[in-house]
Amino acid sequence: MKISIIIPILNESEIISKLISNLLMISDSIENLEEIIVVDGGSIDGSQQIVTTIAKKYSVAIQLIPSKKGRAKQLNAGAAMAKGTILYFLHADSLPPKKYDRYIIEKVNNGNLAGCFRMKFDSNHWWLRFLGWMTKFNNKICRGGDQSQFITTTLFKQINGYDESYIVYEDNEFVDRLYAIQQFIVIPKHVVTSARRYKEIGVWRLQYYFLNIHIRRWLGASSEDLHQYYKKKII
């Protein structure tokens with residue numbers, strides 16, 4: 001049983017090399033890793049060249065594949081190329097806990113076919129610490145893509161992967177379907193994710209926008225409605 005790590009990127013030249021190196025360094029065993037697939041959505045900052053260069057340094061297969069822009073599209077593109085029995089979707093600005101590969105494989109071997117880690121931000125802001133604390137609860141309202149997500153390749157295909165009509169909220173929609181079939185577990189170890197968007201936009205302003213997206217979705221807003229709100233307020 002091996003893991004394919006799938007990382008969607010768009011202009012991540014400042015962090016992608018360090019992330020790949022860290023993923024290999026903190027793994028329990030590189031034998032658990034089938035490959036690392038970096039899915040580029042059209043970077044113009046040299047990210048592709050950085051991935052191509054670092055791929056030559058390691059024995060683990062590191063692939064760079066192009067995709068149309070959009071995280072759901074990029075994640076599906078990576079999954080379509082993956083050879084591993086487990087898919088692990090990771091944001092470029094997040095780092096899983098040490099021995100993450102062992103924890104994931106143990107859960108799958110115990111019959112847990114999908115799940116995530118807990119999460120904490122690289123910030124001491126009390127609200128962001130509170131959001132991280134909330135991820136300990138196994139409830140879909142406490143989920144998000146920053147926590148990273150693992151799923152067996154078989155189950156991923158059975159639920160038809162990510163819904164590409166969602167430009168935003170794709171992680172939540174994906175997880176909603178997993179909770180609907182009662183197939184989700186939270187591993188009690190922490191992914192550390194960057195608070196850079198909160199720093200750029202402001203903690204309370206960005207949190208207000210995210211809350212609005214969740215409420216709009218709950219009230220029946222379409223994926224396009226959510227995208228338009230996101231473009232207007234966040235991008």
Side-chain angles (χ1 to χ4, degrees), residues 1-9 12 15-40 50-51 54-65 71 74-122 132 135-136 138 142-159 161-162 171 174-175 178 183-194:
M1 187 171 292
K2 290 194 174 187
I3 300 170
S4 291
I5 303 174
I6 300 170
I7 307 168
I9 66 168
E12 297 289 7
I15 58 177
I16 188 60
S17 178
K18 183 177 180 180
L19 172 62
I20 292 172
S21 296
N22 284 338
L23 285 172
L24 298 175
M25 182 174 62
I26 66 176
S27 66
D28 186 52
S29 171
I30 59 173
E31 296 300 318
N32 291 332
L33 306 180
E34 181 70 47
E35 63 210 338
I36 297 174
I37 302 175
V38 180
V39 190
D40 181 64
I50 291 172
V51 175
I54 197 171
K56 299 175 183 177
K57 298 181 180 180
Y58 297 101
S59 58
V60 174
I62 301 172
Q63 300 183 56
L64 173 71
I65 66 172
R71 189 171 285 150
Q74 291 172 245
L75 295 173
N76 282 342
M81 297 290 292
K83 300 176 182 177
T85 50
I86 302 170
L87 307 175
Y88 181 45
F89 301 105
L90 181 69
H91 290 184
D93 61 355
S94 298
L95 184 67
K98 291 181 179 180
K99 300 183 180 180
Y100 63 93
D101 49 324
R102 187 184 77 183
Y103 297 132
I104 291 171
I105 290 174
E106 285 177 351
K107 291 302 181 185
V108 172
N109 280 334
N110 288 332
N112 302 288
L113 306 184
C116 69
F117 290 98
R118 295 180 187 176
M119 182 273 293
K120 57 184 176 182
F121 287 102
D122 61 351
T135 65
K136 69 186 290 185
N138 194 357
C142 301
R143 304 279 71 82
D146 287 331
Q147 296 167 242
S148 70
Q149 294 169 356
F150 72 87
I151 184 172
T152 64
T153 302
T154 299
L155 181 56
F156 184 83
K157 292 177 179 177
Q158 288 175 352
I159 67 171
Y162 287 88
D171 292 310
F174 181 74
V175 168
L178 290 170
Q183 189 56 254
F184 205 90
I185 192 170
V186 179
I187 299 175
K189 300 290 180 177
H190 289 91
V191 168
V192 178
T193 195
S194 172

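Computed from a predicted model, the values in this text were never measured in an experiment. In this chain, residues are counted from 1 in sequence order.
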Enquirer: Considering non-hydrogen atoms only, spot the tightest contact between I6 and A79 and give its length.
Expert: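 Looking at all heavy atoms of both residues, the shortest contact is CD1-N, 3.4 Å.
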Enquirer: Which residue, L23, I5, N22, forms the side chain to side chain contact (heavy atoms under 4.5 Å, CB included) with P96?
Expert: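 Checked L23, I5, N22 against P96; only one passes side chain to side chain contact (heavy atoms under 4.5 Å, CB included): L23.
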Enquirer: Supply the atom-to-atom distance L33 CG to I3 CD1, rounded to the nearest 0.5 angstrom.
Expert: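 Those atoms lie 6.0 Å apart.
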Enquirer: Looking at Y103 and K98, what are the two nearest heavy atoms and their distance?
Expert: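 For Y103 versus K98, the nearest heavy atoms are CE1-O, 3.2 Å.
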Enquirer: Residues in salt bridge (charged side-chain N to carboxylate O under 4.0 Å, His left out) with R143, at least two apart?
Expert: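 Scan of R143 (salt bridge (charged side-chain N to carboxylate O under 4.0 Å, His left out), adjacent residues dropped) gives none.
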Enquirer: Can you give me the closest heavy-atom contact between I30 and L24, atom names plus distance?
Expert: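 Nearest pair, atom of I30 first, then L24: CG2-O, 4.0 Å.
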Enquirer: For the NZ atom of K18 and the CE atom of M25, what is their distance to the nearest 0.5 Å?
Expert: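 Result: 9.0 Å between the selected atoms.
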Enquirer: According to salt bridge (charged side-chain N to carboxylate O under 4.0 Å, His left out), does anything in residues 84-96 pair up with another residue at least two apart or in another chain? List the pairs.
Expert: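 Listed once each, the pairs are D93-R196.
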Enquirer: Mind listing the side-chain donor-acceptor pairs of residues 105-117 below 3.5 Å, one per line with the distance, residues two or more places apart or on another chain?
Expert:
{"from": "N109", "atom 1": "ND2", "to": "I105", "atom 2": "O", "distance (Å)": "3.4"}
{"from": "N110", "atom 1": "ND2", "to": "E106", "atom 2": "O", "distance (Å)": "3.2"}
{"from": "N112", "atom 1": "ND2", "to": "K107", "atom 2": "O", "distance (Å)": "3.2"}

Enquirer: Heavy atoms, side chains only, cut-off 4.5 Å: are L75 and F174 in contact?
Expert: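 SC-SC contact between L75 and F174 ruled out.
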Enquirer: Who are the ring-ring contact (aromatic ring centres under 6.0 Å, His included) partners of F121, not counting sequence neighbours?
Expert: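 With neighbours one apart ignored, the set is Y198.
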Enquirer: Hey, could you give me each pair passing side chain to side chain donor-acceptor pair (under 3.5 Å) that has a residue in residues 185-194? Not counting sequence neighbours.
Expert: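 Listed by first then second residue: S94-T193.
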Enquirer: Check whether any side-chain N or O of D28 sits under 3.5 Å from a backbone N or O of D101 as a donor-acceptor pair, and report yes or no.
Expert: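 Pair absent, no side-chain N/O of D28 close to backbone of D101.
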Enquirer: S4 pairs by side chain to side chain donor-acceptor pair (under 3.5 Å) with which of E35, Q63, E34?
Expert: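 So, applying the side chain to side chain donor-acceptor pair (under 3.5 Å) to S4 and each of E35, Q63, E34, only E35 qualifies.
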Enquirer: Less than 4.5 Å apart, any side-chain heavy atom of K136 and any of V186?
Expert: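 Not in contact.
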Enquirer: Do you know the tightest heavy-atom contact between A77 and V39?
Expert: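 Smallest interatomic distance, heavy atoms only, reads CB-CG1, 4.2 Å.
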Enquirer: Can you check whether N32 reaches Y100 side chain to side chain, under 4.5 Å on heavy atoms?
Expert: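 They are not in side-chain contact.
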Enquirer: For V191, does its backbone N or O pair with a side-chain atom of Q147 as donor and acceptor, under 3.5 Å?
Expert: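 The answer is no, because no donor-acceptor pair under 3.5 Å joins these two groups.
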Enquirer: Are any non-hydrogen side-chain atoms of I20 and V38 less than 4.5 angstrom apart?
Expert: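 Yes, close enough: below the 4.5 Å cut-off.
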Enquirer: Within the structure provided, determine whether R71 and D171 are in side-chain contact (heavy-atom separation under 4.5 Å).
Expert: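 SC-SC contact between R71 and D171 confirmed.
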Enquirer: So, does T135 use its side chain to make a donor-acceptor pair with the main chain of G132 at under 3.5 Å?
Expert: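 Side chain of T135 to backbone of G132: a pair is present.
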Enquirer: If you measure from CD on Q149 to CG on L178, what distance do you get to the nearest 0.5 Å?
Expert: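 Result: 7.5 Å between the selected atoms.
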Enquirer: Please report the shortest heavy-atom distance between I50 and S17, naming the atom on each side.
Expert: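 Heavy-atom minimum between the residues: CG2-CB, 3.7 Å.
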Enquirer: Which heavy atom in F150 sits nearest to a heavy atom in I185, and how many Å separate them?
Expert: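 Looking at all heavy atoms of both residues, the closest pair is CZ-CG2, 3.9 Å.
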Enquirer: For residues 80-92, dump all side-chain donor-acceptor pairs below 3.5 Å to protein atoms at least two apart in sequence or in another chain.
Expert:
{"from": "T85", "atom 1": "OG1", "to": "K2", "atom 2": "N", "distance (Å)": "3.1"}
{"from": "T85", "atom 1": "OG1", "to": "K2", "atom 2": "O", "distance (Å)": "3.2"}
{"from": "Y88", "atom 1": "OH", "to": "S148", "atom 2": "OG", "distance (Å)": "2.7"}
{"from": "H91", "atom 1": "ND1", "to": "D146", "atom 2": "OD1", "distance (Å)": "2.9"}

